[in-house]
Every structure is written in C-alpha cells, then in structure tokens.
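To keep things clear, I will list the structure first and then write my remarks on it.
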Amino acid sequence: MPEVLESQIHARAPARGWRFNLVLQRLGLVAVILLVWWLLSLRVPHYVLPGPARVWDALTLISANGNLWQDLGITLGRVGTGFILATLVGLPLGIIFGANKRLGEFFEPIIPVMNTVSSAIWATFAIIWFGVSNATTVFVVFMTAMPLIITNVWQGTRTVNADFIELAHVLRMPARRVMMKIYLPTILPYFFSGARLAFGFGWRVSLVAETLGSSSGVGYRLRQAADLIQTDQVFAWTLTLVVMMAILEMGILRPLENYLFRWKKEAEGS
Amino acid sequence: MTAATAAVPAAASTESGAIAVRGVSKWFNTAEGTPLQVLDNINLTIAAQSVVAILGASGCGKSTLLNIISGIVTPERGEICINGITAGRFSEWRSVSYMFQEDRLLPWRTTIKNVEFALETGNMPRSERESRARDALKLVGLEAFVDAFPYQLSGGMRSRVALARSLVQEPCILLMDEPFSRLDALTRAQMHEELLQIQQLKKMTIVFVTHDVEEAVVLADRVVVMAPRPGRIRDIVEIALSRPRDATEPATARLAHDLKSLI
Ligand SMILES: Nc1ncnc2c1ncn2[C@@H]1O[C@H](COP(=O)(O)OP(=O)(O)OP(=O)(O)O)[C@@H](O)[C@H]1O
Ligand SMILES: [Mg+2]
C-alpha cells in the first residue's frame, strides 16, 4: 500500500529561516525608502516635501490632540458600514443571479455600467441627496463595493460543480444543507477576493467622498491640511493610512485567507 | 473467512436489498436534436444479498443504468423496484449508497470530513459521525490520512476515501461504478477481500460496474454482459465457483476467458 509520512502532509508552512529572511528584506525596503525620502527632502522646501522628522512631529501632534484616533475611527466606521451593507445586498443578489439564469441574463448589463460610474459622480449625487452627513460617504462606499461583490459571487456560483450537487442529491440532502455545504464553500474564495477588492476600493473612495461632503474623517482632515498648506500633516495622515492598510492586510486578511483556503493546492514554486 | 454460499436462492423481490429493473429504456437529448437511445429495454432482477457485476464496452450505458437504479435519473420507459417498492414511492434511499465513477471528494474537506459527508443528511450527533467515519477509513487502510486534504492524496487513495464514504452509511444496497480501477493489483485484491467480508457481515446487495473480467469473476454471483448502441443486455452469466476465489486458478481463469469472448 502506498505510504507517505503523515508529517510530510502537514509540512506546508514555510521554514522559519525563510520567514525571518523575508522580514529582514521588508525592513531593508523601508530603510531604503526612508533614506531616499530624507535625501530628497534636503533639497526642496518643507511645504513641498517635508522630511521624515517633520512628518513624525506632525504625527505626534495629531495623535496627541486626539484627531488621529477620532477621525480614523469615523472614517473606518463609514467604510465598514458601507462595506457591510454592500455585502448584505451583494452576496444574496450574486447568488440569485448565479442560480437563476433568466434573472442573471436580464440584469447582467447593469454591473459593468455601475462599475464604470466614477466614485466622484456617486459622491456628487450623494451630496445632493444626503448633504454633508455620514450617509454621503456610506453611500459612495456602498455603490462602489456592491457591484464588485455581486460580480465575484456571481462568478463563484457559476463554478459550483454539478457532480457535487448530484452527490448530495444521491444522499437525499435537503436543499438548505446543499446550500450550506456545497454552494457556500465553493463561493467563499470568490466572495473573499471580491470583498477584499471592494474594501480597498471603498476605503479609497471614502476619502474622496469625505473631502467633498463631510466635516469629519480622514478625508476631511486631508483637505483641511491641504488648504492650510500643512504638507507635513498631509504626509502624516497618508502614512497612517498606509500603515493601517498594511496591518489589515498582513495581520488579518492574509492569515484568514491562508486558514480558510488551506485546502487549495499551491502551484509549484509560488 | 467463512465459505460463502455461491448460489443465492431466487429471493422474493420484497426482501430488503432486492432490486428489479423492468423494461427500462433511456434516451438523452443531443446537440443535433435527435434523441440518442442509451438503454433499450433492460430487464434485470437482482436478488437481495447477491453480488452482481455489470460488464460492457465503454459508452454502453453502464453508468446510466446505475444512475437510474440510484433514483437520480428517471428512465423514459420502464421502472425500478427496490425491496418491491417502485422508485417513485420508495423512501428508504438512505439504505442505498452509490460510489460514482469519479471520486467526487469535496476539495475543501479533509479525508474524514469527506467520509462524514455521507452521514450529514440526517441528524446524527457529530461524535458518532466521526467515530463511524474513522472506522470506515480504517477499513480502507487510510487511518493515517484522516486530516489530509484531497489534493494531498494519490488517485488510488482518493478512490479508497470514496469507498469509505459509500460504506460509512452501512447501506443495504451498494452501487459502485468502477470502484477499483485506480488501485494497484495488490491493493485491489485486498479491497476485494474486505468488500466480500463486509458484504457477508452486513448482508449487502452489491451492483458494480467493471472493465476487468477477472474482477467480475472473483467477486460476482452473476455477471451481466451489456452490448452497446443502444445499451442492452447481451447475456447474464451465473458464476457458481466456490469462494474464496482466486483469479489464477484454472477454473476461474477459464470462466474469465469465456466472458471475454462475450464482450
Ligand atoms: N447527461 C447526458 N446527456 C447526454 N448524453 C449522455 C449523458 N450521460 C451519458 N450520455 C451518453 O450515454 C451513453 C452512455 O453513457 P454511460 O456514461 O452510461 O456509459 P458507460 O457504459 O458508463 O461508459 P464508461 O465505461 O466509459 O464509463 C454515452 O454515449 C454518453 O455519451
Ligand atoms: Mg461509466
């Protein structure tokens, strides 16, 4: 009988040394960027390109007076709300359009149209409809994220394997369980990549929406700082966003994805 | 091993595990529009607790016949009776298990979770599902791989997982479509022995499709030979050899040789 050592089957995580190496590489990259930044800032006025030290000062200032955490929280709350609404609407619609060919064919043209409408246009409409309020940003995030989620989930439902459905059918499994045990796991990777895309986009457009129609949040602060030519604060806010997205990606999304989709065969050499 | 009774007495068709196929014909729609007849007037009675092999060329409708018996495909003509009840009114489908030609393992489930899948229709407690799945996997020699994902298994191992999944529900009727075609000769012989033991123990009726004449002769009480286009029964051969059988014995080899000339 063919035998493979069981330990080999679980040997998926990269070796410790390799991971350590990667951390070193990343740190090196950050150091190079800081160095180039610093050298460049020496040659131009600080309101064009403030140096790292100045930006650090601005960062401590806005975090000390409470703006940083408060506005970050506000923006995150709006993005989160828009994103959750987009999921609540997009996930069922994607499944329905995927499962029902007629409906799918009928509504298909709407998705690319919605995807091509610029978020600035959604923001303009939102200001007309909702004025300067939370709803404006939430709406823009929602309108941007929802088509992305629908498209991905829709695509996922199309890949459901008919053989697996037949297997469940032979076992006389009730429809609801088939949904949970076969449809959902098949769709999940598609939903995940759609959601990740939608969250990234939502985050970016939320800033646009906030600069136009809001009196709080990171986008508002960015415009305020730009108006007062406080370039160091613009940099400080930008830096905060970059760091936050990196933490979200590497600290939450990547590990979650690795865990959820550990059953996927990795392509050789990736 | 106990010597099995070779000839099964003609059982009353209401006995648990008995199958009757009456005048079944099946057509499939084709792209050209003219329906393709795949099965033509199949008549077959399968006694409870017997082992029946279906032999025939590729494309002669063997899988389709199993699909019809399992109730997932309805024939245009004729009917299926299980335990003397027509398929439309039969409700004990949980006692019928079907091992497909492809392994159909869910890629996102580990080996043991894949086996448990067969028990997830009802409301069996999780711990019982797990212990039964573990036993089934031990039976097919995969207890070391309970937590592996399908992509980590070889083709032969995958079909053994599928076998475990079809055995775990302890069926009265086991339908198998080329169950051992991906196993090496040694493992296959082992599986044959295991299967016959389980069949004796659990009083199962087994209907299996194979391309391997020796396999049919070693396992089956009766061999149904099918002819293609449209699929029909060419001959039914009783195998009255005593058990356990060995493919290398002269009597077995001679029967296999005779069967080959029929196909
Ligand atoms: N769903 C379907 N739609 C249309 N034609 C089908 C369908 N399923 C099977 N057929 C046709 O029916 C015929 C018999 O198919 P079947 O799978 O039953 O053959 P088989 O005897 O199991 O062959 P093999 O030994 O290669 O598995 C084939 O000609 C096939 O093209
Ligand atoms: Mg077949």
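Convention: sequence-line order gives letters A, B, ...; per-chain numbering from 1.
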Fill in the blank from the handout: In terms of heavy-atom contacts, A/Glu166 and B/Phe100 come closest through OE1-CE2, 3.6 Å
Handout entry: chain A contacts, top residue of B/Pro150, B/Gly156, B/Pro107 (heavy-atom pairs, under 4.5 Å)
Key = B/Pro107
Practice task
Measure A/Leu188 against the heavy atoms of chain B and call it side chain, backbone, both or neither at under 4.5 Å.
Solution key: neither
Completion exercise
Turns out that what part of B/Leu183 lies under 4.5 Å from chain A's heavy atoms comes down to neither
Handout entry: Pairing of B/Glu120 and A/Lys181 as salt bridge, 4.0 angstrom limit
Key = yes
Practice task
For B/Thr30, check side-chain contact (heavy atoms from CB on, under 4.5 Å) against everything at least two apart and list the hits.
Solution key: B/Glu32, B/Thr34, B/Leu36
Completion exercise
One should read off an interatomic distance between A/Leu171 CG and B/Leu119 CG, to the nearest 0.5 angstrom, of 9.0 Å
Practice task
Taking ring pair (Phe, Tyr, Trp, His ring centres under 6.0 Å) as the test, write out the residues that go with A/Tyr183, two or more places apart.
Solution key: none
Problem - Test item: A/Arg172 side-chain N/O and B/Trp93 main-chain N/O as donor-acceptor pair under 3.5 Å - result: no
Fill in the blank from the handout: When rounded to the nearest 0.5 Å, the distance separating CZ of B/Phe117 from CE of A/Met173 is 3.5 Å
Exercise for the section: Might you confirm whether atom CE of B/Met124 has over 12 heavy atoms from other residues, nucleotides or ligands at distances under 6.0 Å? Expected result: yes
Practice task
Any chance you could lay out the side-chain contact (heavy atoms from CB on, under 4.5 Å) test for A/Leu167 and B/Tyr98, step after step, and finish with the verdict?
Solution key: CA-CA 9 Å; A/Leu167 171 70; B/Tyr98 186 2; over 6 Å; no
Completion exercise
In terms of heavy-atom contacts, B/Trp108 and A/Thr186 come closest through CH2-OG1, 3.5 Å
Handout entry: B/Arg104 side-chain N/O to A/Asp163 backbone N/O, donor-acceptor pair under 3.5 Å
Key = yes
Problem - Part of B/Arg94 lying under 4.5 Å from any heavy atom of chain A - result: neither
Problem - Rounded distance [0.5 Å steps], CG in B/Leu106 versus CH2 in A/Trp263 - result: 10.0 Å
Completion exercise
dist A/Phe164:CZ -> B/Glu102:CD (nearest 0.5 Å) comes out at 10.0 Å
Practice task
Return the minimal non-hydrogen interatomic distance between B/Thr121 and A/Pro174, and the atom names on each side.
Solution key: CG2-CD, 4.2 Å
